[in-house]
Amino acid sequence: MRGLREGFIRVLTLIRRAPLIDKRTLDEIIREIQRTLLKADVSVELILDLSNRIRKRVLEEKGPPGFSKREILIKILYEELVRILGGKERYELPLRRGKTYVLMLVGIQGSGKTTTAAKIAYHYMRKGFKVALVSADTYRPGAYDQLEQLSRQIGVPMYGERDGQNAIEIAKRGVERFRRDGYDLIIIDTAGRHKEEEKLLREMEKMVEAIRPNGVMLVLDATIGKQAGPQAEAFHKVTRIGYITLTKLDGSAKGGGALAAVARTGARIVFIGIGEKVDELEPFDPQQFVARILGMGDLKTLLEKFQRFEKIEKARLEAMASGKFTLLDLKEQFRQLTSMGPLSKILELIPDGGVLPKDVAEKGEESIKKWLIIMDSMTMEELINPRIINYSRMKRIARGSGTTVKDVRELLRAYERSRKIMKKLMKQRKRWRGIPFKL
Ligand SMILES: Nc1nc2c(ncn2[C@@H]2O[C@H](COP(=O)(O)OP(=O)(O)OP(=O)(O)O)[C@@H](O)[C@H]2O)c(=O)[nH]1
Ligand SMILES: [Mg+2]
């Protein structure tokens with residue numbers, strides 16, 4: 001839907017242009033998010049909940065080092081939208097082999113119910129489930145033939161009565177038959193209805209009462225935009241909507257209305273339709289979907305940056321757990337040392353200068369301060385895995401810290417020595433297990 005995408009472009013522009021993200025700009029940005037979601041017909045309750053969460057997280061979360069408040073805000077916005085749409089995981093219907101699951105499809109005329117029934121049947125058939133279709137649309141001329149043709153195409157049995165009048169009775173008979181025959185999934189295609197058509201809505205209600213399906217799925221046309229919310233709500237009022245399939249996402253529709261539909265029903269989007277053919281159905285991916293609404297390109301770069309950080313963080317924790325002594329550890333020790341007071345005094349307390357090589361203890365404070373500055377110019381990867389620091393990296397680090405390559409080399413040599421001492425100490429520690437040891 002255009003509105004939502006355009007709204008978020010405005011939100012992102014605001015975020016990018018703000019000189020800094022303080023409380024006031026944050027409020028302004030959140031107001032723009034609220035306006036955008038209101039226009040997209042998302043319920044006020046959800047909007048308030050979302051804005052509160054975003055505000056709280058932005059104010060409370062420090063985020064990883066090297067990331068601006070701006071980047072953290074965009075990431076939080078992304079994560080919160082993904083959360084509304086069901087979280088990171090893709091969702092599949094809770095099917096079990098040997099146990100019948102009855103799924104009833106509902107939706108307005110032309111939303112794609114019949115096509116989707118066949119698509120879902122095909123999807124689960126390929127996964128090895130025993131699937132059957134039931135045609136319970138007695139209103140649309142040719143509905144029976146349409147589903148029959150599709151069922152033959154995918155090789156899935158179908159129950160229907162070409163000239164039947166009572167959709168509920170037909171559905172009952174179909175479900176009974178396939179249940180008896182031990183089908184894992186029975187999909188009922190129903191007549192399209194308008195949300196104001198009382199008679200049809202009542203029929204749908206009665207059918208749900210008579211059949212008691214395990215799940216009711218709303219088939220929603222992604223191109224209807226803003227109407228998605230009220231439409232979903234109207235169906236939800238008559239019968240609890242548990243699932244949604246969003247169709248026609250192969251066109252220009254962004255499907256932003258889905259956000260409102262999900263918000264109104266609490267339903268889970270399971271699939272998206274991306275074409276007219278039976279195999280043009282995909283499991284819904286909330287992350288990809290939100291990225292599309294927010295603008296894929298920018299977000300991708302940012303999320304990759306966060307992922308890179310998470311990877312490095314993982315590597316760091318692993319290095320720590322395996323007892324590998326990295327530059328990062330050295331940095332941490334230096335930092336602790338310098339915060340404890342004059343170095344000479346402290347070194348007197350540590351027998352043999354502890355893990356510090358002789359020359360460090362001698363040169364003392366000055367070199368430690370310089371080395372800390374040098375290490376500030378290193379990337380996390382370099383700190384965790386100093387072996388990757390080649391000449392060109394040394395040049396960059398020297399430039400960044402206002403030192404020389406010689407200085408950087410000196411630090412690396414000191415680190416190498418510390419590492420060796422550390423290794424020895426660790427070995428001793430292993431030998432003298434039980435003797436408390438602290439650096
Ligand atoms: N491009 C595209 N077209 C779709 C998709 N899903 C359904 N359609 C088309 O939408 C039209 C309506 O689809 P149907 O499956 O007949 O819709 P319906 O909800 O069963 O319609 P009624 O039974 O009349 O209420 C058909 O032309 C389908 O081919 C989709 O994901 N992408
Ligand atoms: Mg149909």
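Numbers here are sequence positions counted from 1. Counting starts at 1 for both ligands and their atoms, following the listed order. What you see below is based on every heavy atom in this structure, not just the backbone, and it leaves out hydrogens, waters and symmetry mates.
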Heavy atom of I274, distance to ligand 1 below 4.0 Å: yes
Nearest-0.5 Å distance that lies between atom CG in L185 and atom CE in M125: 12.0 Å
Whether F325 and Y415 hold their rings parallel, tilted or perpendicular, with breakpoints at 30° and 60°: parallel
Worked check of ring pair (Phe, Tyr, Trp, His ring centres under 6.0 Å) between F306 and F67: CA-CA 8 Å; F306 274 99; F67 289 85; 4.2 Å; yes
Proximal ligand 1 atoms for D137, defined as those under 4.0 Å from one of its heavy atoms: 23 (O)
Electrostatic pair R413-E416, nearest N-O below 4.0 angstrom: no
Shortest heavy-atom approach to atom 10 (O) of ligand 1 - which of K248, R140, Q109: K248
Within reach of ligand 1, part of E280 (heavy-atom separation under 4.0 Å): neither
Close approach, G107 and ligand 1, non-hydrogen under 4.0 angstrom: no
Per-residue contact class, D250 against ligand 1 - non-hydrogen pairs under 4.0 Å: side chain
Given L383, I384, L328, the one that forms side chain to side chain contact (heavy atoms under 4.5 Å, CB included) with M378: L383
Of the listed options E282, Q146, K119, closest to atom 6 (N) of ligand 1 (non-hydrogen atoms): K119
Q146 backbone or side-chain N/O/S under 2.8 Å from the Mg ion (ligand 2): no
N-O pairing of R308 and E381 below 4.0 Å: no
Residues R96, D184: salt bridge by 4.0 Å N-O rule: no
Heavy-atom gap A143 to ligand 1 smaller than 4.0 Å: no
Option set G273, G142, G110, criterion heavy-atom distance to atom 12 (C) of ligand 1, minimum: G110
Side-chain H-bond candidate by donor/acceptor type, Y122 with Q153, under 3.5 Å: no
S135 and D137 side chains, donor-acceptor separation under 3.5 Å: no
Part of K277 with heavy atoms under 4.0 Å of ligand 1, whether side chain, backbone, both or neither: neither
Protein contact of atom 30 (C) of ligand 1 - nearest heavy atom, named by residue and atom, plus distance: G275 O, 3.0 Å
Residue G192 vicinity, atoms of ligand 1 by number, heavy atom under 4.0 Å: 25 (O)
Region of K113 that comes within reach of ligand 1 [heavy atoms, distance under 4.0 Å]: both
Sub-4.0 Å atoms of ligand 1 with respect to non-hydrogen atoms of T115: 7 (C), 13 (O), 14 (P), 15 (O), 28 (C)
